[in-house]
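Working notes, structure below.
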Amino acid sequence: MIFLLRRKHAFKSSLTNPIHFVSNESKGYIIPPLMSPKPSQKPQINNPRVLSFKPFSTQSSKFPEYEMPTVTWGVVQGRKEKLVSRVIISDYLKSIGIIPDELENLELPSTIEVMRERVEFLQKIGLTIDDFNEYPLMLGCSVRKNIIPVLGYLEKVGIQRSRMGEFVKKYPQVLHASVVVELVPVIRFLRGLDVERQDIGYVLMKYPELLGFKLEGTMSTSVAYLVSIGVNPRDIGPMVTQYPYFLGMRVGTMIKPLVEYLISLGLPKKVLARMFEKRAYIIGYDLEEMVKPNVDCLISFGVQKEKLASIIAQYPQILGLPLKAKLSTQQYFFNLKLKIDPEGFARVIERMPQVISLGQNVMMKPIEFLLGRGILAQDVAKMIVRCPQLVGLQVGLMKNSFYFFKSEMERPLKELVEFPEYFTYGLESRIKPRFMRLKHKGIRCSLSWFLNCSDQRFEERLYGDYVEMESEGPMFVMGGKLELPGNEVVCDEEDESDDEILYRRTVSL
């Protein structure tokens, strides 16, 4: 009986002097009630019924660049009080335009002050009410526990503070990430791929979803496959900087099918590797929606199948262009203005696929120059079909070469019509020096004979006992070598492989 009376007395005492508790919103736990000390123990606080805590500083020691919220503590609530607080917070969110429906199953702060701090903090970095409604789960992130550490680390790796809001808009899930467990390993992985430290922020701004990938998953397999087809590991870093999206592409369903299809067209792996190194965005071309339709489009316009590999090697971007519209426009222009029929237009595409992207006003300038020099329109058309590079030349350079041709070389226009490639050679570096040596020795020959050869071959011809038979200019044949007059091969090494010949064809990349 005495024991029961003591229990009753203690219960009444607790009602008249309630113990106050506080909850740590940033830590996510509640301080348990203080137990009465045993007689043999000395209480550690002056008042055993009251807990005293030092409030958080308004400045973070770890990330001093961000201002800490002033409200971080709430009051321990029962079930009824929590429901009341949730209703109050929901009404507050609705009052500022936020729809809280998706927050029903999310743990919210115990007081409206804490929620207001979250909203205001996120607004300070550039987020709007529309952004909250787009991804309301960000309101479940603690400012101290989640948001401050994440933003501080992102700024440390290169995301500018002025663009932090833009970054969070693109990838709001980053606010839920653990800096140590999730973010740091991804940054280390990128640095291990030779992505420059100053480029990390640029890469993340382009593709922030990288921060959510697992290292042992898609990213690692994509890199391993590209290296396996010949991509230089030292070039992976620049590729990531240029086009980081390939790190998120599956090898089996996206990258490998594209590579195998291009190989089936006659492109060696070595050439593909060089293409990817220089223009990594080619990896992102959709095979079924973009690449195959463009290849079929080229064939429908008269391009020979055996020329497809050469076209792609010269101008890889052709695989990702709205090709049908461009080809139709250029074919009409060539037929109307230059009197070049569709078959001739196909030959132009085979020799210079970049012509489909040239502006018509740009192409008309060299054409008008040739017409103004007294060359007939049909001859100009023949010159362009034979040497499409003419339509992309600067008129100023053409003028200098033409005046030297007429005044110093004193040759008829017929030779220019037969060998329009004359305009593609450097006047000071090749035409003048070689012509002067021929003139000094008293040799009379065609333009092709002394211009369309290497320096070594020119020396052999200059001091040879006979003049070689002339044939057509250089022609690139898929699967063969670059052949010059006399069926002799021009290459730096006699054992140069066919793949290496095609690789040299990609110099324009």
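What you are looking at is a predicted structure, and each value in this text was computed from that prediction instead of being measured.
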* Asked: What's the verdict on side chain to side chain contact (heavy atoms under 4.5 Å, CB included) for Val227 and Asn232, showing C-alpha distance, side-chain angles and the deciding distance?
  -> CA-CA 6 Å; Val227 172; Asn232 190 336; over 6 Å; no
* **Heavy-atom closest contact (Asn133 atom, Gly97 atom, distance)** => ND2-O, 3.0 Å
* To do: Verify the neighbour count for atom CD of Glu343: are there more than 12 heavy atoms of other residues, nucleotides or ligands below 6.0 Å?
  => no
* To do: Look at the side chain of Asp199 and the backbone N and O of Tyr202, then say whether any donor-acceptor pair between them is shorter than 3.5 Å.
  => no
* To do: Using a cut-off of 6.0 Å, state whether more than 12 heavy atoms not belonging to Arg197 lie near its atom CZ.
  => no
* Side-chain donor/acceptor of Tyr281 to backbone N/O of Tyr245, under 3.5 Å -> no
* **N/O donor-acceptor pair under 3.5 Å between Glu182 side chain and Ser178 backbone** => yes
* How about Leu358 and Val355: do any of their side-chain heavy atoms sit closer than 4.5 Å? -> yes
* Whether over 12 other heavy atoms sit under 6.0 Å from Gln304 CD -> yes
* To do: Walk me through it: do Ile340 and Arg347 pass the test side chain to side chain contact (heavy atoms under 4.5 Å, CB included)?
  => CA-CA 10 Å; Ile340 296 177; Arg347 304 292 81 77; over 6 Å; no
* Asked: What closest approach, in Å, do Tyr315 and Ser357 show between heavy atoms, and which atom pair accounts for it?
  -> OH-OG, 2.7 Å
* Those residues that, when tested against Glu288, pass salt bridge (Lys or Arg N to Asp or Glu O under 4.0 Å) (two or more places apart) -> Lys292
* Would you say Ile255 and Arg250 make side-chain contact, with heavy atoms under 4.5 Å? -> no
* Does any non-hydrogen side-chain atom of Asp286 lie less than 4.5 Å from one of Val291? -> no
* **Interatomic distance, Cys387 atom SG to Leu393 atom CG [nearest 0.5 angstrom]** => 7.0 Å
* Asked: Are Leu319 and Met290 close enough that some pair of their side-chain heavy atoms sits under 4.5 Å apart?
  -> no
* With a 4.5 Å heavy-atom cut-off, do Ile129 and Ile98 have their side chains touching? -> yes
* Matching residue for Met363 among Val391, Leu390, Leu338 - test: side chain to side chain contact (heavy atoms under 4.5 Å, CB included) -> Val391
* Structure fact -> Of all heavy-atom pairs linking Ile312 and Leu267, the shortest is CG2-CD1, 3.5 Å
* Verify the neighbour count for atom NZ of Lys170: are there more than 12 heavy atoms of other residues, nucleotides or ligands below 6.0 Å? => yes
* Please step through salt bridge (Lys or Arg N to Asp or Glu O under 4.0 Å) for the pair Glu277 and Arg274, ending with a clear verdict. => CA-CA 5 Å; Glu277 289 170 2; Arg274 301 294 85 78; 2.7 Å; yes
* Using distance alone, with no hydrogens and no angle criterion, decide if Gln314 and Ser310 have a side-chain donor and acceptor under 3.5 Å apart. => yes
* List in chain and number order the residues that pass salt bridge (Lys or Arg N to Asp or Glu O under 4.0 Å) with Lys365, two or more places apart in sequence or in another chain; answer none if no residue qualifies. => none
* Structure fact -> By salt bridge (Lys or Arg N to Asp or Glu O under 4.0 Å), Arg116 pairs with (sequence neighbours left out) none
* Asked: Closest approach of Pro172 and Tyr135, non-hydrogen atoms and distance?
  -> CB-CD2, 3.5 Å
* Asked: Quick one: does Leu226's side chain get under 4.5 Å of Phe246's, heavy atoms only?
  -> yes
* **Heavy-atom side-chain proximity of Asn146 to Leu175 below 4.5 angstrom** => no
* Run through Leu247, Asp194, Val231 and flag the one making a side chain to side chain contact (heavy atoms under 4.5 Å, CB included) with Ile236. => Val231
* Is any side-chain heavy atom of Glu350 closer than 4.5 Å to a side-chain heavy atom of Phe345? -> no
* Go through Leu154 and Leu211 one step at a time and tell me if the side chain to side chain contact (heavy atoms under 4.5 Å, CB included) criterion holds. => CA-CA 11 Å; Leu154 291 177; Leu211 294 174; 3.9 Å; yes
* Whether Thr221 side chain and Thr218 backbone form a donor-acceptor pair below 3.5 Å -> yes
* Under the 3.5 angstrom rule, does the side chain of Arg351 hit a backbone N or O of Val385 as a donor-acceptor pair? -> yes
* Structure fact -> Gln360 and Gln330 have their tightest heavy-atom pair at NE2-OE1, 3.6 Å
* Structure fact -> Here the gap from Arg118 atom CZ to Arg144 atom CZ, rounded to the nearest 0.5 Å, amounts to 12.5 Å
* **Distance in Å, Leu122 CG paired with Asp131 CG, rounded so as to fall on 0.5 Å steps** => 9.5 Å
* Roughly how far, to the nearest 0.5 Å, is the CD atom of Glu260 from the CG atom of Leu272? -> 11.0 Å
* Which atom of Met249 lies closest to which atom of Ser222, heavy atoms considered -> O-OG, 2.8 Å
* First locate atom OH of Tyr207, then atom OH of Tyr243, and finally report the distance between them rounded to the nearest 0.5 Å. => 9.0 Å
* First locate atom CZ of Arg188, then atom CZ of Arg191, and finally report the distance between them rounded to the nearest 0.5 Å. => 12.0 Å
* Would you sort out whether Ile318 and Leu298 count as a side chain to side chain contact (heavy atoms under 4.5 Å, CB included), showing the intermediate values? => CA-CA 10 Å; Ile318 200 171; Leu298 287 171; 3.9 Å; yes
